[in-house]
Amino acid sequence: MAKKAPLEMVRNIGVIAHIDAGKTTTTERFLYYTGVIHKIGDIDEGTTTMDWMPQEQERGITITSASTTCFWGDYQINIIDTPGHVDFTVEVERSLKVLDGAVVVLCASSGVQPQTETVWRQADRYKVPRIAFINKMDRMGADFDHVLEQMYDRLGAHAAPIQIPYGQAEDFKGIIDLINEKLITYTDAEGLEIVRQEIPADWKEKVKKYRHDLIEKVAEIDDAMMDSFVHGKEISVEDIMFAIRRGVIKNEFIPVLCGTSLRNRGVQMVIDAVCDYLPSPLEVPAITGKEPKTGEHIERLADENEPLSALVFKLALDPYVGKLFYTRIYSGKIISGSTVYNATKRTKERIAKIVWMHANKQEIVDQATAGDIIALVGLKDSKTGDTLCEQDTPIILESMRMPEPVVSMAIEPKTKADQDKIGMTLKKFADEDPSFRFKYNTETAETIISGMGELHLDIIVDRMRREFNLEANVGRPQVAYKETITRKVEGVTGKYIMQSGGKGQYGHVIIDVAPAEEKGKGVEFIDKIRGGSIPREFIKPCEEGIRTAALNGVLGSYPVTDIVVTLVDGSYHDVDSSELAFQLAAKYALHDALRLGKPVFLEPIMDIEVTVPDDFMGQVIGDLNTRRAKIVSMGTRGKLKTARCEVPLAEMFNYANAVRSLSQGRATFSMEPAFYAEVPGHVAEKIIGKKAAMAEKK
């Protein structure tokens, strides 16, 4: 990278959307128009720059978020292209955590789809300013106004178009720029020769209305614009652009653009909008964290002269250099060969190499500063979510929220020689991907891998074969059930007492266990020991015992979630008490409490949207009813009908083949995890029966 822009000219952006909305195609055009590549790649041919993994090229989907850097005039744009498939939602989560802005791509015919809502909520959670690009305006069924309506209704977006399409579907001929009041057309297939001309007379009234609506929407969130609007003052192009920029940076307004990336129409204007409206690292709120020892709130400005604060947001395995630690630097700088402090792990780490990433290609640099997104080589103990800083000015930045796996399967190596290798290989994948888990089930003598969906686990198994030459047999996918309790139990005692000739063991705890009010929080531990009935050094082992016991519930050995465990009392022995004794006492207490608390199974419920021709709607709905689906809403999209349902994941395996045969291959669907819900009694009995049968087989 020959040059580096000043911080106010840097844009750290992500491209986010539902699967197949055109994220990778849009990013590919970004790279082509900014001169990073000289030939446009094609997803169908597997030749795009950002989808470099063999699995991505074969399937035509993005699996891992890839980053690259490009220049547009004086602006430096660091881009992360994220996956759209729900199985890889963690990639979006960790990308949004470190980005300053995002381009949300929507399909002009499909509109706002379930995964669009998911990434929108993720962007809301991390307060990421964004612009929207309605793609595929040339596609049959494209409807710009309908997509806008869905943005308002489904996403609650305070948005307005700054462009409208000049015709749509097969009549799409160009784009009308509402701010400058110009018609933009192209004279070549590559979209390099842009013609700006006056708006045709028969469109002027329509443009006037859209422009008035835009100014009105911006005035709602901008005082200066409101003043001009109310008093009928002349509003210049610069006034509108500055007001939009202020609104976007404050996360109060979303400008909407349109075009078709595949046909090379409108992408340059999206790049302009990224530079014009999305914030630089200097314009987003200063990063905040905590002092590790005191918990004191600390703020760090985006300045290379501030103390270092950086977040490791992703690990990737590279066949040549080993592990790559993708890192966002918020303040200070990192120099190659220097030592940094991992405040999360409380260890020192040496930086062997700093690299700028261009998809899977690397460029070595001597140093990186505030605002940069780079990859580090040489770290030993760091993991996703860890904070790097200086030892004398430590800070811990807020880590990322990781989704819980919903699908599991048993896996075993095909040969004895691979037995030792499998554990190390799975650990590498778990380090790289926090939404992937694995454990050894001692009851069934199986290794169980868990992830976000069948595709997620399929990719893991495929990568084991290709990257590590490790062949494995896999079982059928299983639902990742959980267990919880439905009533509060108080005063449950757990004791571990062992007397021998020498020093004995003594641990005694009393706990209360209650269902959690807020769902999805896992296991919450509260220490209410007063007066020293249990010494402070044994409180942590008590918590460890509780958390270990919660990994295997009492109904079917599934993990326990959504419970609050309060340590209320206990006793100790001056000589015989030990950390192990209290750990085991707490473990026994929790298992007893779970039995008394009316335990139930929880199952993952999926949010599914099916799009189907009217002729087949009855059959598809009938089939969903047999799968315990609850229909949330039904609608119309062009000539197609849509149904939005909540349905248990256990009923949805192999649904793709079923819906294809019901609709003669004309239905499409998208599905994502929504929440966990209690399993009905008759289904719970089947789960326990299956577990018992498997145990007998073993």
Salt-bridge present (Arg328, Asp100; N to O < 4.0 Å)
yes
Are Lys293 and Glu291 close enough for a salt bridge, meaning some N to O gap below 4.0 Å?
no
Option passing side-chain contact (heavy atoms from CB on, under 4.5 Å) with Phe325 (candidates Leu388, Thr384, Val312)
Val312
Lys/Arg cation over aromatic Trp120: Arg125, 6.0 Å, 45° cone:
no
Drop me the distance from Ile511's CD1 to Asp569's CG, to the nearest 0.5 angstrom.
12.5 Å
Taking the basic N atoms (NZ, or NE/NH1/NH2) and the acidic carboxylate oxygens, is any pair closer than 4.0 Å for Glu603 and Arg628?
yes
Please state whether the rings of Phe438 and Phe436 are parallel, tilted or perpendicular, taking 30° and 60° as the class boundaries.
parallel
Do Thr484 and Tyr676 meet the criterion of a side-chain donor-acceptor pair at a distance under 3.5 Å?
no
Heavy-atom closest pair, residues Leu551 and Lys439
O-NZ, 4.4 Å
Test item: Phe538 and Ile529 side chains (from C-beta on) under 4.5 Å apart, heavy atoms
no
Is the number of heavy atoms from other residues, nucleotides or ligands under 6.0 Å of Lys482 NZ greater than 12?
yes
Just by distance, with hydrogens left out, do Glu349 and Ser382 show a side-chain donor and acceptor under 3.5 Å apart?
yes
Taking the ring of Tyr558 and the ring of Phe601, is the distance between their centroids below 6.0 Å?
yes
Test: Arg130 and Asp124 ion pair at under 4.0 Å:
yes
Which of Asp381, Thr347, Asp386 passes side chain to side chain donor-acceptor pair (under 3.5 Å) with Asn342? It is Asp386
Pair Glu483, Thr561: side-chain N/O donor-acceptor within cut-off below 3.5 Å
no
